[in-house]
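Below you'll find the structure, written out as structure tokens, and then a few comments.
So that the names make sense, note that chain A is the first sequence line, chain B the second, and so on, each numbered from 1. Just so we're clear, the structure is a prediction, and the values are computed from it rather than from any experiment.
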2 protein chains.
Amino acid sequence: MTTDQRPLRADAQRNLERITTSAQVLFAERGTRAQMEDIAAHAGVGIGTLYRRFPTKEALLTALVRKRFQEFAVIAAECEEISDPYDALATSMRRQAESVVGDAAFQLAMMNIDSFSWDGIEEDKAALNAILGRLLERAQAAGAVRADLRVEDYGMMMCGTTATMYFMHALPEPGWRRHLEILLAGLKPT
Amino acid sequence: MTTDQRPLRADAQRNLERITTSAQVLFAERGTRAQMEDIAAHAGVGIGTLYRRFPTKEALLTALVRKRFQEFAVIAAECEEISDPYDALATSMRRQAESVVGDAAFQLAMMNIDSFSWDGIEEDKAALNAILGRLLERAQAAGAVRADLRVEDYGMMMCGTTATMYFMHALPEPGWRRHLEILLAGLKPT
DNA sequence: ACCTGAACACCGTTCAAGT
DNA sequence: ACCTGAACACCGTTCAAGT
């Protein structure tokens, strides 16, 4: 679960990537119920190999979530370039949400947090929150959003949006976008 | 799963109630991972008895959700008495959310919808939505909320609120209330 | 009708043997 | 170092026997 180990042997590295990809595909397809055996088979490795990299199913899910958090940080950083403070914040949320639309694995994970260990995610989350904090402060300084918002609210809103995204994924027209827009409208000062 | 069967034998009825209560307690305590064996033991019955009433774990969870939906309908109906249209709607959401604060079972269920069958819930949901529809229309007619809202948005917002409630249940001060307030603020017409 | 719990099946996880 | 898969353990579910 640490990030600093020396480079893997070439075949091991390839296996790791295949496992991650297969996990993403199968979790997205079948939700948390996707089986470890199947993921290993899909990746073309033995189960032992899967377990060598990820000690538990939870750890595997956690790894996928970490990856997303890192991507969220990239998106948020890009949005810092946007000049309008409210737009910067809103665009960050919209783009992050949009980026996980197809990823039921992540959506489920966000909603199932108790079911897997957060070990290792803390650092990614801190890095992400640092950027989000700046985005939020700028918007507040400009009077574009409520003064009582905290950084945790950002995560909470993303959690809520992700949940509705998953919840409503059967509906013809994705309604989670309106849910997000309602939240965004609610951010403005009264 | 139907509602029309003739009354159960007295002891069976008692057992059913004990099972439901125990399920609520243990799911709340341990989340979806609470075990069927443990629930049966907690209720003081054999597993066979549990399975006689609820063919699967999912069915058991579903039953608890149905109960909540029925309570939601009662709350919503009470809120129809409130004269201010926006207040009526907002109070309904606030009171419903408040009513499931301790019920991790329901919160998890709301977020885990794919993991259990919705069989039988449809009717309860329809009954609930009928009331919510009236609540919403009244607020819209008064110009108190956005014109583009649909009934499904209500459920979506409750889903989002429930998710954040669960997600944040470790935090010192429950922040889901602010999440809900942001949503409520966002409902107002622009 | 309803209750019970031993037995079964499924799937997450381990570990001894192999390269 | 890493890979493999048979074996184990856990827990959801069934079913034959009992009241």
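Taking atom CG of A:Leu50 as the reference point, atom C1' of C:dC15 lies 16 Å away to the nearest angstrom. Spacing between atom CZ of A:Arg18 and atom P of D:dC2 amounts to 17 Å, rounded to whole angstrom units. Regarding A:Arg14, its CZ atom lies at a distance of 12 Å from the C1' atom of D:dC2, rounded to whole Å. Taking atom CG of residue B:Asp11 and atom P of nucleotide D:dG18, one finds them 20 Å apart after rounding to whole Å. Taking atom CZ on A:Arg30 and atom P on C:dG12, their separation rounds to 11 Å, with Å as the unit. Following rounding to the nearest Å, A:Arg33 (CZ) and C:dG12 (P) show an atom-to-atom distance of 12 Å. Remark: C1' of C:dT4 and CD1 of B:Ile19 are 12 Å apart, rounded to the nearest angstrom. Between the CG atom of A:Leu16 and the P atom of D:dC3 there is a distance of 9 Å, given to the nearest Å.
Paired with B:Arg53 under the rule side-chain contact (heavy atoms from CB on, under 4.5 Å), one option of B:Leu60, B:Leu8, B:Thr20 passes, and it is B:Leu8.
The main-chain N or O of A:Ala77 is never found under 3.5 Å from a side-chain atom of A:Arg134 such that the two would form a donor-acceptor pair. Looking only at distances, no side-chain donor or acceptor of B:Gln96 sits under 3.5 Å from a matching main-chain atom of B:Ile75.
Between B:Phe106 and B:Phe69, the ring planes are perpendicular. Angles over 60° get that label, and only those under 30° would be called parallel.
Candidate nucleotides C:dT14, D:dG12, C:dC2 were compared by shortest atom distance to the side chain of B:Arg9, and C:dC2 ranks first. Distances were taken from every side-chain heavy atom of A:Gln35 (C-beta onward) to each of C:dG12, C:dC3, D:dC2; the shortest belongs to C:dG12. With D:dT4, C:dC2, D:dT13 as the choices, the nucleotide that has an atom nearest any side-chain atom of B:Ile47 turns out to be D:dT13. Here the nucleotide nearest the side chain of B:Thr49, chosen from C:dT4, C:dT13, D:dT4, is C:dT4. Of the candidates C:dC2, C:dG12, D:dT14, C:dG12 carries the atom nearest the A:Tyr51 side chain, counting heavy atoms from C-beta on. Relative to the side chain of B:Lys57, the nucleotides C:dC2, D:dG12, C:dT4 differ in distance, and D:dG12 lies closest. With D:dT13, C:dT13, C:dC2 as the choices, the nucleotide that has an atom nearest any side-chain atom of B:Arg52 turns out to be C:dC2. Among the nucleotides C:dC3, D:dA1, D:dT13, the one closest to any side-chain atom of B:Arg53 is C:dC3.
Shown here, D:dG12 forms a base pair with C:dC8; the pair counts as Watson-Crick or G-U wobble because both key distances fall under 3.5 Å. Across all strands shown, C:dG18 forms a Watson-Crick or G-U wobble pair, both distances under 3.5 Å, with D:dC2.
Both B:Gln13 and B:Glu37 lie near DNA chain C, and the one whose nearest nucleotide falls closer to the 5' end is B:Gln13.
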Could you check A:Asp38 against A:His42 for side chain to side chain contact (heavy atoms under 4.5 Å, CB included), going step by step and ending with a plain yes or no? CA-CA 6 Å; A:Asp38 291 349; A:His42 189 276; over 6 Å; no

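Checking the phosphate oxygens (OP1, OP2) of D:dC2, no side-chain nitrogen or oxygen of A:Asn15 falls inside 4.0 Å.
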